[in-house]
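Right, one structure below, let's go through it.
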Amino acid sequence: MLKDVFFIASKDVKYMLRARETLFWVFVMPIVFFYFIGTITGGFGPSGTRKDTVALQADESAGFLVDELTRRLEENDYVVARPDSAALFARYTRQLVVPDGFTDSVLAGRPVTLEFARKGEGIGTDYDQLRVQRAAYTVLADLVALGEMDDAPTPENFKGLAEMPRALKLEVKPAGKRKHIPHGFEQSIPGILVMFTLMVMATSGSVLLLSERREGLLRRLAYTPISRLSVVLGKWGGKLALGVVQIAFGMLAGTVLFKMNWGPDLAAVIAVMLVYGAMMAALGVVLGSVARTEGQAVAIGVIAANVLAALGGCWWPIEITPAWMQSIQLFIPTGWAMDALHKLISFAAGPASVAPHLLGMAAATALLVALSVKVFRFE
């Protein structure tokens with residue numbers, strides 16, 4: 001039986017790897033999506049030990065409030081640069097211009113406009129605007145506080161206000177051993193790999209079965225002494241082998257090209273991806289057995305991959321979504337995989353934390369394989 005399974009699986013994986021569309025979706029498109037989604041979401045969260053630089057332009061007449069503004073910018077994870085010339089200032093991605101006479105205008109109650117510019121668009125730009133606005137408004141808030149205390153707005157009084165004990169204090173710390181929230185490539189590479197594993201298994205895997213059925217190849221296979229179970233397991237094994245190739249290439253490319261950090265438990269990460277790939281391979285066999293046409297199978301596979309990727313946290317951290325969406329993640333395969341990967345990669349929770357995920361996905365794989373045997377059609 002094992003010989004029959006291996007024979008069918010090896011023939012299938014060789015055939016699929018010769019198809020140009022399969023090669024394109026296995027080796028090219030994941031890299032494109034790694035870069036695109038990772039770049040777009042690169043400014044989504046804090047960047048750990050790396051701090052962003054903002055160039056600040058202010059002349060000597062701007063006064064001591066510029067120093068207060070600089071301190072607030074540094075508290076918001078910026079490195080503040082003061083270029084000597086306009087040419088150097090223009091080279092920076094983030095540029096903040098403070099008008100002449102800034103301190104005198106503010107203390108006199110005259111409206112003052114700070115001009116902030118950032119090259120590029122997207123989430124990173126919005127995040128920068130939020131941090132710069134926060135820095136400016138906290139300077140204003142301290143001015144109001146000093147006024148309520150009948151203290152003159154001087155550098156000494158600003159320092160004294162900063163040293164005063166606070167009635168309300170917010171402590172923020174990581175939920176796991178990692179020191180920063182995953183974003184950019186650390187979020188996109190595992191997510192896109194989970195998404196494309198589902199997409200390739202549900203499209204290329206199912207389409208091969210449909211084309212073999214249409215051309216009568218499966219009917220010929222039915223006349224051989226190979227059992228029905230062996231045929232199904234062989235078809236599943238071939239798709240699993242393709243999934244292993246895709247997962248191995250995706251992880252290697254993510255590490256080499258984008259410096260992906262897979263966390264301290266790489267073996268557990270690989271185990272999660274392999275069990276997930278086995279589950280998706282079984283799903284491809286089921287879809288190839290129940291779909292009527294190649295177009296139908298491709299449409300179902302692509303739509304399912306995109307919807308389940310969005311709901312499962314492949315495109316963004318599921319922690320930022322509403323509670324109802326986080327609840328849905330617990331009931332879908334992409335959600336199981338992403339939750340396990342986040343525990344291992346983002347929070348270093350250890351292999352034991354993903355034991356339920358592995359058992360659940362393994363059980364789902366067994367059920368899908370059993371269903372495949374029931375619904376598999378030779379013609």
Side-chain angles (χ1 to χ4, degrees), residues 38-59 62-84 88-100 102-103 105-107 111-148 153-176 178-187 316-317 319-320 346:
T39 302
I40 292 296
T41 61
F44 191 78
S47 52
T49 56
R50 179 184 61 82
K51 292 189 176 183
D52 300 317
T53 301
V54 58
L56 190 147
Q57 185 181 80
D59 66 9
F64 72 89
L65 285 183
V66 173
D67 297 329
E68 293 299 321
L69 180 62
T70 299
R71 182 167 66 86
R72 302 313 197 285
L73 290 169
E74 292 171 346
E75 290 175 354
N76 282 276
D77 294 325
Y78 280 118
V79 173
V80 180
R82 302 289 292 270
D84 297 330
L88 291 175
F89 180 78
R91 295 180 182 178
Y92 285 86
T93 300
R94 302 166 185 84
Q95 303 167 357
L96 180 62
V97 178
V98 177
D100 298 343
F102 172 60
T103 299
S105 297
V106 171
L107 298 183
V112 177
T113 301
L114 301 177
E115 298 180 4
F116 176 69
R118 186 190 190 279
K119 299 175 183 177
E121 298 179 355
I123 296 176
T125 298
D126 296 337
Y127 183 52
D128 280 324
Q129 290 176 347
L130 177 65
R131 288 193 285 172
V132 172
Q133 288 174 348
R134 180 181 178 183
Y137 284 128
T138 50
V139 173
L140 179 60
D142 281 359
L143 281 170
V144 173
L146 289 175
E148 292 293 325
T154 63
E156 292 75 17
N157 287 337
F158 267 102
K159 182 178 180 181
L161 184 61
E163 293 173 351
M164 288 180 61
R166 305 296 178 178
L168 179 64
K169 183 179 180 181
L170 174 64
E171 291 187 1
V172 180
K173 57 184 180 180
R178 296 289 284 271
K179 300 302 182 183
H180 64 279
I181 299 171
H183 67 290
F185 295 123
E186 289 190 8
Q187 162 65 29
W316 42 67
E319 291 82 4
I320 70 164
S346 305

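These numbers come from the heavy atoms of this one structure, side chains and all, not from hydrogens, waters or symmetry mates.
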Do you know the tightest heavy-atom contact between V139 and F158?
-> O-CE2, 4.3 Å
For the atom pair CG (D67) and OG1 (T103), what is the distance rounded to the nearest 0.5 Å?
-> 8.0 Å
Determine whether R134 and L130 make a side-chain contact, defined as any pair of heavy atoms from C-beta on separated by less than 4.5 Å.
-> no
side-chain contact (heavy atoms from CB on, under 4.5 Å) between D52 and R94: does it pass, once the steps are laid out?
-> CA-CA 9 Å; D52 300 317; R94 302 166 185 84; 3.5 Å; yes
What one should report as the nearest heavy-atom pair of P99 and A62 is O-CB, 4.3 Å
Just how far is it from atom CG of D142 to atom OH of Y137, taken to the nearest 0.5 Å?
-> 15.0 Å
Can you list the steps and then say if V98 with L114 is a side-chain contact (heavy atoms from CB on, under 4.5 Å)?
-> CA-CA 5 Å; V98 177; L114 301 177; 4.1 Å; yes
Nearest-0.5 Å distance, CG of residue L56 to CZ of residue R82 = 5.0 Å
Answer yes or no: is there a side-chain heavy-atom contact under 4.5 Å between L73 and L96?
-> yes
Atom CZ of F64 with >12 non-hydrogen neighbours under 6.0 angstrom | yes
How far apart are the closest heavy atoms of L88 and D84, and which atoms are they?
-> CD1-N, 4.3 Å
Which pair of heavy atoms, one from Y78 and one from D128, lies closest together, and at what distance?
-> OH-OD1, 2.5 Å
Enter the distance from N157:CG to L146:CG here, rounded to the nearest 0.5 Å.
-> 6.0 Å
For the pair R131 and D77, find out whether any cationic side-chain nitrogen is under 4.0 Å from an anionic carboxylate oxygen.
-> no
Between K159 and E156, is there a side-chain N and carboxylate O pair less than 4.0 Å apart?
-> no
For residues V54 and T93, determine if any side-chain heavy atom of one lies less than 4.5 Å from a side-chain heavy atom of the other.
-> no
Does the side chain of P153 come within less than 4.5 Å of L65's, by heavy atoms?
-> no
Between the CZ atom in R71 and the OG1 atom in T138, the distance rounded to the nearest 0.5 Å is 8.0 Å
Shortest non-hydrogen contact from Q95 to A90?
-> NE2-O, 3.3 Å
